[in-house]
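Here the structure is laid out as structure tokens; the discussion comes afterwards.
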Amino acid sequence: MQQVYLKSDSIISPLGFGTMANLRELRLQNSALKLQKPTSKYPAGYYAGMLDEEIIDRSFSLIGNCEDYTKLEKMLILAIKDVVDKEERVDSLSTGLVIATTKGNIDLLNSNKFAKERVELWKMAQVVADFFGFKNKPIVVSNACISGGLAIKTAADFIKYGKFDSAIVAAGDLVSDFVLSGFQSFQAMSAKACKPFDAERNGISLGEAAAAVFIDGQTSQEQNVEFIHAVTTNDANHISGPSRDGEGLYQAISRLEHFTGITSEEIDAISAHGTATIYNDEMEAIAFNRSNLNDIPMHSLKGYFGHALGASALIESIMLKHSLLNNELIISKNFESSGVSASLNITTEATQKKLNIALKTASGFGGCNIAMLFRKTKAHV
Amino acid sequence: MSEDQSIKFIKIKDNRITSSEGLLFKTEDKLESIKFMSQAYKFFGINYSKFFKMDGLSKAGFIAAELLSEKIQLEKNTGLIFSNSSSSQDTDLRFQESMQNFASPSVFVYTLPNIVLGEISIRHSIQSENAFFITEKFDPELMLDYAEIQLKNLACENVLCGWLNLHNNEYDVFLWHVADLEDLQSQRGQLPKIYATTNE
């Protein structure tokens, strides 16, 4: 079976533009989550990671006309541009484009600034593809909060089976009034910056961001991270609540281990979903416990970026890739004492440790789960 | 019976529900999506209380899967590979409206296109691969390509594919079953024709 690799990547978030800028902020324990100004709807304000469009435009004006693109399109294009500039192998004919998002340009629903069609996810993706002149029709993945991971799986699967030579996977979502109202109606928003797996966690914080990664079927001289395999499952239990026994996530992890022959003992690090809702984190803890992954160093990055919905699993996979390359465990921000029933090895101190294989998981509305394995390959010198 | 009739499908469009075997149900008047699906639900004598809280997209997908499940076995290892053009826009607009007064959590949960995969999974105890793609038009090759890889990877044993679109109250539903790899290869090229056929 052909191998596929995660090559150049980029993250566009309130913490910075480019993966290195974001990684630097994570190492400094800085968070994108800030208390936003009170509004009539949110009299106490709310914590979220917000990216000012003026700041986006400062960068975007160097490569395009800011008026022609929506905020999210500009974020996606900036992330992809950063990747394209570093990758000679990106080819407008043979490189595929896979875009993950849950709500896309949902902020246009009440606006006349752009043609009505622009709120359609396929249209947004086409606008982004056209910016770069990609000839393949972009593939849009919209599968709730596993979208960013499922987009990596989709691209990797299509490369392994010869549909593309390589692919750019991009993902993005905004903190819109739409999703804010939605999560508030669920009473799922944390009053403080979210605290994944902590005893005092009390809900999510939203964050807007975009990211991109080049997925390639060809290895290169330098050290790479390989995408090994991914499995998705459905809880078949509830459309908005995680299953109490973590069965869906447990099944995803155990099937993934079965297919790859990789055992729990061989996994060196885990990037969990860790949204910081009471039920999600508990469900994950039970699933990891059932998978004998209690002792594996684990983090959630939601305390840095917030929950970027369809982009979160891509951002977190990119960070996990850099953890592997740098042999570095990233601190799970805002975790102080465990608030889940199973013991987990949550990273609370920046640690240098030899890392080879890492697991990324995510779960979302509709009962979906994804588990993905990445492995560091040796440099070919 | 022509060869392409071997594909097990359910099509719901223009007040009609058809299958590989012909017309199953129709209404004389053009009804809005939710009303049509409710009439179909009654007509087929389905008894599933969760149906009533579903949004339009899920109701349509649920009924199509329900009717298909009489002909084929939906099971734990059935992959669900769906797509549409308008995502969850029908419900997005409803939620946007509700935001002015009382933002409803039970509406918000349906503002994602893949929720219907959860509804179908719950009903038929399916715990396998899920994917929801957005394409401008019906693109069976994308779904078949992805389904082929999942079958080759043994990620699932068979696949329920679906085009499930709801836009401006126009519903366009086409679900079909892929029994195995051989079945999948025989379906290539046939699906656009079957999808486009005005059913007798």
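Side-chain atoms are counted along with the backbone in the values below, which use heavy atoms only and exclude waters and symmetry mates. Every chain is numbered from 1 and lettered A, B, ... according to where its sequence line falls, protein lines coming before strand lines.
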Self-check item: Residue B/F102 versus chain A: region with a heavy atom under 4.5 Å
Solution: neither
Practice problem: Using a cut-off of under 4.5 Å on heavy-atom pairs, state which of B/E129, B/H124, B/K76 scores highest against chain A. | Solution: B/E129
Quiz item: Given that the side chain runs from C-beta out, which part of A/D177 has a heavy atom under 4.5 Å from chain B: side chain, backbone, both or neither?
Solution: both
Quiz item: Parallel, tilted or perpendicular for B/F95 and B/F108, by the 30°/60° rule?
Solution: tilted
Quiz item: Aromatic ring centroids of B/Y146 and B/F133 under 6.0 Å?
Solution: yes
Quiz item: Would a line drawn from the ring center of B/Y48 to the ring center of B/F62 be shorter than 6.0 Å?
Solution: yes
Practice problem: Enumerate by number any residue of residues 53-60 of chain B whose heavy atoms lie under 4.5 Å from heavy atoms of chain A; in the absence of such residues, state 'none'. | Solution: B/K53
Self-check item: Under 4.5 Å from any heavy atom of chain A - which part of B/D139
Solution: neither
Quiz item: Taking atom types as modelled and ignoring hydrogens, do the side chains of A/S205 and A/S190 form a donor-acceptor contact shorter than 3.5 angstrom?
Solution: no
Quiz item: Is it the backbone or the side chain of A/T154 that comes under 4.5 Å from a heavy atom of chain B, or both, or neither?
Solution: both
Quiz item: What option among A/I370, A/I139, A/N110 has the most heavy-atom pairs under 4.5 Å with chain B?
Solution: A/N110
Exercise. Mind ranking A/F178, A/F158, A/F186, A/F365 by heavy-atom pairs under 4.5 Å with chain B and telling me who comes out on top?
Key: A/F178
Quiz item: Of all of A/G366, A/S142, A/A252, which one pairs up most often with chain B through heavy atoms under 4.5 Å apart?
Solution: A/S142
Exercise. Give a yes or no answer on whether the side chain of A/S147 reaches the backbone of A/N143 with a donor-acceptor pair at less than 3.5 Å.
Key: yes
Self-check item: Side-chain donor-acceptor pair present, A/Q126, B/E136, cut-off under 3.5 Å
Solution: no
Quiz prompt | B/K11 to B/Y195 six-membered ring, cation-pi geometry met (6.0 Å, 45°) | solution = yes
Self-check item: Residue among B/S86, B/P105, B/S85 with most heavy-atom pairs under 4.5 Å to chain A
Solution: B/P105
Quiz item: Highest number of heavy-atom pairs under 4.5 Å with chain A: which of B/I120, B/D145, B/L93?
Solution: B/D145
Quiz item: Side chain, backbone, both or neither: which part of B/Q150 has an atom under 4.5 Å from a heavy atom of chain A?
Solution: side chain
Exercise. Please examine the side chains of A/P38 and A/P43, heavy atoms only from C-beta on, and report whether any two atoms are closer than 4.5 Å.
Key: no
Self-check item: Among B/C156, B/P113, B/S106, residue most engaged with chain A (heavy-atom pairs, under 4.5 Å)
Solution: B/P113
Self-check item: SB check B/E119 B/K50 (cutoff 4.0 Å)
Solution: no
Practice problem: State plainly whether the residues B/E148 and A/K163 are in salt-bridge range, i.e. N to O under 4.0 Å. | Solution: no
Self-check item: Aromatic ring proximity B/F36/B/F25, centre distance under 6.0 Å
Solution: yes
Quiz item: Is any side-chain heavy atom of A/F374 less than 4.5 Å from a side-chain heavy atom of A/L359?
Solution: no
Quiz item: Side chain, backbone, both or neither: which part of B/S128 has an atom under 4.5 Å from a heavy atom of chain A?
Solution: both
Quiz item: Looking at B/S98, B/G79, B/A131, which one has more heavy-atom pairs under 4.5 Å with chain A than the rest?
Solution: B/A131
Quiz item: A/H229 versus A/L373: any side-chain heavy-atom pair under 4.5 Å?
Solution: no
Self-check item: Top contributor to chain A interface from B/L80, B/V116, B/V107, B/I126 [non-hydrogen pairs under 4.5 Å]
Solution: B/I126
Quiz prompt | Contacts with chain B made by residues 236-247 of chain A (heavy-atom distance under 4.5 Å), listed by residue number | solution = A/A236, A/N237, A/H238, A/I239, A/S240, A/E247
Exercise. Kindly indicate whether the side chain of B/N165, heavy atoms from C-beta on, has any atom under 4.5 Å from the side chain of B/V173.
Key: no
Quiz item: Does B/E170 pair with B/K30 as a salt bridge, N-O distance under 4.0 Å?
Solution: yes
Quiz item: Do B/D172 and B/W163 meet the criterion of a side-chain donor-acceptor pair at a distance under 3.5 Å?
Solution: yes
Exercise. Carefully, step by step, assess B/S88 and A/K103 under the rule side chain to side chain donor-acceptor pair (under 3.5 Å).
Key: CA-CA 9 Å; B/S88 54; A/K103 299 313 302 169; 3.2 Å; yes
Quiz item: What part of A/K153 gets closer than 4.5 Å to chain B, counting heavy atoms only: side chain, backbone, both or neither?
Solution: side chain
Quiz item: With a 4.5 Å limit on heavy-atom distance, are the side chains of A/E208 and A/L206 in contact?
Solution: no
Quiz item: A/L121, A/I106, A/I99, A/D157: which one forms the most heavy-atom pairs within less than 4.5 Å of chain B?
Solution: A/D157
